[in-house]
Amino acid sequence: MVEAYRVTAALLVKLDEASLAWLAADRAMSAAIGDPVLLACAAVQLGQVLRASARAKSVMLSAAYRIAPADPNDGTPQELSLCGSLLVQAALTAARAGNDRDAVGLLNEATEMAVRVGDGHDHHHTAFGPVAVDLARVAAAIELGDGKRAVTQHEKVVEREGWRWLPLEHRAAHLVDVARAYLQLGDVITAARSLLLVDNIAPSEIRHRPAARRVVTEVAQRADAPTTITDFAIGLGLV
């Protein structure tokens, strides 16, 4: 039941159905009562739903430290993946609020756990590992308006083997995000390439996700946008 609600909440977040996503995440939390591991699983989705809320950071940290092992060296990969994923959610919430210091500190803490887990795993459907945390650093930099830092980190992380081990959906969502970073730097051509690559590897991620469609629209409307992205946006009925 918890997993069903988690999947539902994740899908609704992608579709920008915030109220329904909150309902599904809340149902997941209710179904998980009495089981610390399931509560942590449900809290990961709750963090995605609440990311824009001022309350999200404290909720995520509370859930993270509840599942965290007393000694990180004794933690199982499953425990560390859940705890680390919750720290990542808290970090992204801090970044969205403009709190660079907290975002960096929480991501550094998550990195220590990620090193112990390693790349190429998907414990509790978190895809948590060193590469996933570094992608979160990119996302945090974008939220903070630091496109240069985001692009520099992105160009390093996609060269690592762990990048190819991530779920396709995770990679596609990241490429949509990084298109925003290139826009922050005024690099419309590379932003367009990133979006067209998403259409090649995970078409539904860019054709049906409202947040991705907004980025496509923004790129296509730039005066120096390449015809490839303009034609793509026209085909989607966005311009």
* Asked: Is the closest basic N to carboxylate O distance between Asp134 and Lys156 below 4.0 Å?
  -> no
* CG/Leu175 to CG/Asn200 distance, rounded to the nearest 0.5 angstrom? -> 11.0 Å
* To do: Assess whether side-chain contact (heavy atoms from CB on, under 4.5 Å) is satisfied between Leu39 and Met29, documenting all intermediate values.
  => CA-CA 6 Å; Leu39 277 171; Met29 293 291 288; 4.2 Å; yes
* Asked: Ala114 and Pro130: which non-hydrogen atoms are nearest, and at how many Å?
  -> O-CD, 3.3 Å
* To do: Let me see the working for Trp165 and His121 under ring pair (Phe, Tyr, Trp, His ring centres under 6.0 Å), right down to the final yes or no.
  => CA-CA 8 Å; Trp165 293 343; His121 306 288; 8.2 Å; no
* **Under 3.5 Å side-chain donor-acceptor pair for Arg213 and Thr217** => no
* Leu86 with Leu61, same ILVMFWY side-chain cluster at under 4.5 Å -> no
* To do: Could you walk me through whether Glu169 and Lys14 pass salt bridge (Lys or Arg N to Asp or Glu O under 4.0 Å), step by step?
  => CA-CA 11 Å; Glu169 177 189 21; Lys14 285 184 176 293; 3.3 Å; yes
* Point-to-point distance, once rounded to the nearest 0.5 Å, from CG of Leu12 to CG of Leu20 -> 5.5 Å
* Is there a side-chain contact between Leu166 and Leu135 (heavy atoms, below 4.5 Å)? -> yes
* To do: Verify the distance criterion only: is there a donor paired with an acceptor across the side chains of Arg137 and Thr111 at less than 3.5 Å?
  => yes
* **With sequence neighbours excluded, residues passing side-chain contact (heavy atoms from CB on, under 4.5 Å) with Ala31** => Met1, Val2
* Are Leu195 and Val215 close enough, and set up right, to give a side-chain contact (heavy atoms from CB on, under 4.5 Å), and what steps lead you there? -> CA-CA 8 Å; Leu195 294 171; Val215 179; 4.0 Å; yes
* For the pair Leu238 and Gln221, evaluate side-chain contact (heavy atoms from CB on, under 4.5 Å) and give the outcome as yes or no after the intermediate values. => CA-CA 10 Å; Leu238 298 176; Gln221 289 179 338; over 6 Å; no
* For the residue pair Tyr5 and Ala28, what are the closest heavy atoms and their distance? -> CB-CB, 3.5 Å
* Does Val176 belong to the same Ile/Leu/Val/Met/Phe/Trp/Tyr cluster as Leu183, with side-chain heavy atoms less than 4.5 Å apart forming each link? -> yes
* **Hphob cluster co-occupancy, Met113 + Val88, side-chain heavy atoms under 4.5 angstrom** => yes
* Can you check whether Arg96's main-chain N or O pairs, donor with acceptor, with Glu143's side chain at less than 3.5 Å? -> no
* Asked: Going by heavy atoms in the side chains, are Tyr182 and Val188 under 4.5 Å from each other?
  -> no
* Would you name the heavy atoms of Pro226 and Ala192 that are closest together and state the gap between them? => CG-CB, 3.7 Å
* **Nearest-0.5 Å distance that lies between atom CZ in Arg149 and atom CD1 in Ile142** => 10.5 Å
* Asked: Does the side chain of Pro167 reach to within under 4.5 Å of the side chain of His170, using non-hydrogen atoms?
  -> yes
* Structure fact -> In short, salt bridge (Lys or Arg N to Asp or Glu O under 4.0 Å) pairs touching residues 115-132 with sequence neighbours left out are none
* Asked: Should Met60 and Tyr65 count as side-chain neighbours, where that means a heavy-atom distance under 4.5 Å?
  -> no
* Heavy-atom closest pair, residues Leu82 and Ala40 -> CD1-CB, 4.0 Å
* To do: Find the distance between CZ (Phe232) and CG (Leu196) and round it off to the nearest 0.5 Å.
  => 6.5 Å
* Leu15 and Leu11, any side-chain heavy atoms less than 4.5 Å apart -> yes
* Worked check of side-chain contact (heavy atoms from CB on, under 4.5 Å) between Arg222 and Glu218 -> CA-CA 7 Å; Arg222 294 292 181 99; Glu218 185 177 357; 3.7 Å; yes
* Asked: With hydrophobic residues grouped by side-chain heavy-atom distances under 4.5 Å, do Ile206 and Ile189 end up in a single group?
  -> no
* Structure fact -> Between the CD atom in Glu205 and the NE2 atom in His174, the distance rounded to the nearest 0.5 Å is 12.5 Å
* Ser194 side-chain N/O to Thr190 backbone N/O, donor-acceptor pair under 3.5 Å -> no
* Identify the heavy atoms of Gly145 and Gln184 that sit nearest to each other, and give their distance. => C-OE1, 3.7 Å
* Asked: Applying the side-chain contact (heavy atoms from CB on, under 4.5 Å) test to Val104, which of Leu106, Asn108, Asp102 qualifies?
  -> Asn108
* Asked: What is the distance from atom CD of Gln45 to atom OG of Ser85, rounded to the nearest 0.5 Å?
  -> 9.5 Å
* **Beyond-backbone contact of Leu46 with Val59, side-chain heavy atoms, under 4.5 angstrom** => yes
* Would you name the heavy atoms of Arg6 and Cys41 that are closest together and state the gap between them? => NE-O, 3.2 Å
* To do: Would you check if Asp177 and Val138 make a side-chain contact, meaning some heavy-atom pair closer than 4.5 Å?
  => no
* Asked: Going hydrophobic residue to hydrophobic residue with side-chain gaps under 4.5 angstrom, can you get from Ile229 over to Val178?
  -> yes
* Asked: Is Glu79 close to His123 at the side-chain level, that is, under 4.5 Å between some pair of heavy atoms?
  -> no
* **Ser58 backbone acceptor or donor facing Ser62 side chain under 3.5 Å** => no
